[in-house]
Amino acid sequence: MSSFVLPRTAAVFPLHGGGVRAPSEVFAQIFEVFLLLGTAVGIVVVAYTMYHALKYRDDGGADPYADKVERPQMGEMPTGGSGGRKVFYSFSISAIIVVSLIAWTYSQLLYIEQGPDPAQTDALEIDVEGFRFGWEFAYPNNHTTNTLYVPQDRVVRLQVTSRDVFHNFGIPELRVKTDAVPGQYTSAWFTANETGTYEAKCYELCGSGHSLMIAEVRVLPQDEYESWYNETGTGSNQTAANGTETATESASLGTPTAGTLPAATAGGVGA
């Protein structure tokens, strides 16, 4: 695929993601709904309890309900005067709220799992390969790099696998997380609504360099991303260059870095 395919694609399909609900927005909405509903229920319960505690408190005076209700004697079980209607109503209302909340949450998580309709979005497909201890990203023009570059407001679909052992690819700020399994591909998607630099990390303990398995994620404005993509050319590769620079820095500092093998494990890891 030549480097001029992206601008041509942009002319045919809008490179949009701003109209698509990002996973981070969906999870934020779920959190807000649970927070608001939990707060409302807490206020109602506390207010109801305080109201009855104050209304029926013993103030030392005469019982105003002495001639209206029959008080239980010591050792006698009290009997309800409403025939269980309050229990029935409270249980029914609670069940409706809980079932509705579960159904709504499931629909939101199903959207996260399936992603937006491919017919409505022109997604950027990127292959992600984990290795001890770094990440490699491959673009449609065969360009590979250790830094993930993505455009703002565009759906990005990731096909994630592993070169050696089990890893787990995640970008916490963008609410993206999926397993990286040797010999298999798992998928994930996201859209970044704000430009900036984020971090992709490994969330599966994979060896002595696990904590160093970090890659930069750079979200660029659409025009800057197109310029960067066009400059990569066909078949260009930054991984080898980045790996050489990283190895040089590691040797000078005497410590392993992301994307390189620690001296203690380098001999035991296959390419």
Inset, instruction - Please say whether more than 12 non-hydrogen atoms of neighbouring residues, nucleotides or ligands are located less than 6.0 Å from OH in Tyr111. - result: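 Atom OH in Tyr111 is crowded, with more than 12 foreign heavy atoms closer than 6.0 Å.
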
Inset, instruction - Check whether more than 12 heavy atoms from other residues, nucleotides or ligands sit under 6.0 Å from atom OH of Tyr203, and answer yes or no. - result: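 More than 12 heavy atoms, drawn from other residues, nucleotides or ligands, come within 6.0 Å of this atom.
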
Side-chain donor-acceptor contacts of residues 45-52 below 3.5 Å, not counting sequence neighbours, with atom names and distances?
{"unit_1": "Thr49", "atom_1": "OG1", "unit_2": "Val45", "atom_2": "O", "d": "2.8"}
{"unit_1": "Tyr51", "atom_1": "OH", "unit_2": "Lys55", "atom_2": "NZ", "d": "3.4"}
{"unit_1": "His52", "atom_1": "ND1", "unit_2": "Tyr48", "atom_2": "O", "d": "3.0"}

Identify the two heavy atoms, one from [X] and one from [Y], that lie closest to each other, and give their separation to 0.1 Å.
X: Thr195; Y: Leu220; answer: CG2-C, 4.0 Å
X: Val219; Y: Glu194; answer: CG1-O, 3.5 Å
X: Tyr225; Y: Tyr149; answer: CE1-O, 3.4 Å
X: Asn146; Y: Ala215; answer: O-CB, 3.6 Å
X: Ala200; Y: Ile171; answer: CB-CG1, 4.0 Å

Determine whether [X] and [Y] make a side-chain contact, defined as any pair of heavy atoms from C-beta on separated by less than 4.5 Å.
X: Gln29; Y: Arg21; result: yes
X: Phe190; Y: Val150; result: yes
X: Cys202; Y: Phe169; result: no
X: Trp189; Y: Val155; result: yes
X: Thr144; Y: Tyr139; result: no
X: Arg218; Y: Thr147; result: yes
X: Asp127; Y: Val160; result: no
X: Leu174; Y: Pro23; result: no

Inset, instruction - Given side-chain contact (heavy atoms from CB on, under 4.5 Å), test Ile112 with Phe27 step by step and report yes or no. - result: CA-CA 9 Å; Ile112 294 293; Phe27 284 117; 4.3 Å; yes

Inset, instruction - State, without any angle test, whether Gln184 and Asp179 hold a side-chain donor-acceptor pair at a distance under 3.5 Å. - result: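 No, no side-chain donor-acceptor contact under 3.5 Å.
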
Inset, instruction - Please determine, by modelled atom types, if Asn168 and Thr178 share a side-chain donor-acceptor pair under 3.5 angstrom. - result: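 The criterion, which ignores hydrogens and geometry beyond distance, is not satisfied for Thr178 and Asn168.
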
Inset, instruction - Decide side-chain contact (heavy atoms from CB on, under 4.5 Å) for Asn141 and Tyr229; before the verdict, give the C-alpha distance in whole Å, the side-chain angles of both, and the deciding distance to 0.1 Å. - result: CA-CA 9 Å; Asn141 65 349; Tyr229 188 87; 3.5 Å; yes

Hydrophobic clusters here meaning ILVMFWY residues chained together by side-chain heavy-atom distances under 4.5 Å, can you tell me if [X] and [Y] are in one?
X: Val165; Y: Val181; result: no
X: Leu205; Y: Met213; result: no
X: Tyr185; Y: Phe166; result: no

Inset, instruction - May I ask you to check if Arg163 and Phe131 form a cation-pi contact, with NZ or CZ under 6.0 angstrom from the six-membered ring centre and within 45° of the axis? - result: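 Verdict for Phe131: a cation-pi partner in Arg163.
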
With no hydrogens and no angle check, is any side-chain donor or acceptor of [X] less than 3.5 Å from a backbone partner on [Y]?
X: Ser94; Y: Phe91; value: no
X: Gln152; Y: Asn193; value: yes
X: Thr161; Y: Ala180; value: no

Legend entry - Verdict with reasoning, Glu173 to Ser24, per side-chain contact (heavy atoms from CB on, under 4.5 Å): CA-CA 8 Å; Glu173 295 88 347; Ser24 57; over 6 Å; no

Show me the side-chain donor-acceptor pairs of residues 96-106 shorter than 3.5 Å, one per line, residues at least two apart or across chains.
{"unit_1": "Ser100", "atom_1": "OG", "unit_2": "Ile96", "atom_2": "O", "d": "2.7"}
{"unit_1": "Thr105", "atom_1": "OG1", "unit_2": "Leu101", "atom_2": "O", "d": "2.7"}

Distance (rounded to the nearest 0.5 Å) between [X] [atom1] and [Y] [atom2]:
X: Glu129; Y: Asp164; atom1: CD; atom2: CG; value: 8.0 Å
X: Ser162; Y: Arg132; atom1: OG; atom2: CZ; value: 9.0 Å
X: Ser211; Y: Phe133; atom1: OG; atom2: CZ; value: 9.0 Å
X: Leu124; Y: Arg154; atom1: CG; atom2: CZ; value: 4.5 Å

Inset, instruction - Show your reasoning for whether side-chain contact (heavy atoms from CB on, under 4.5 Å) applies to Ile30 and Leu109. - result: CA-CA 9 Å; Ile30 293 176; Leu109 296 179; 4.1 Å; yes

Inset, instruction - Look at the aromatic rings of His167 and Trp135 and report parallel, tilted or perpendicular, splitting at 30° and 60°. - result: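 Perpendicular: the ring planes of His167 and Trp135 meet at over 60°.
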
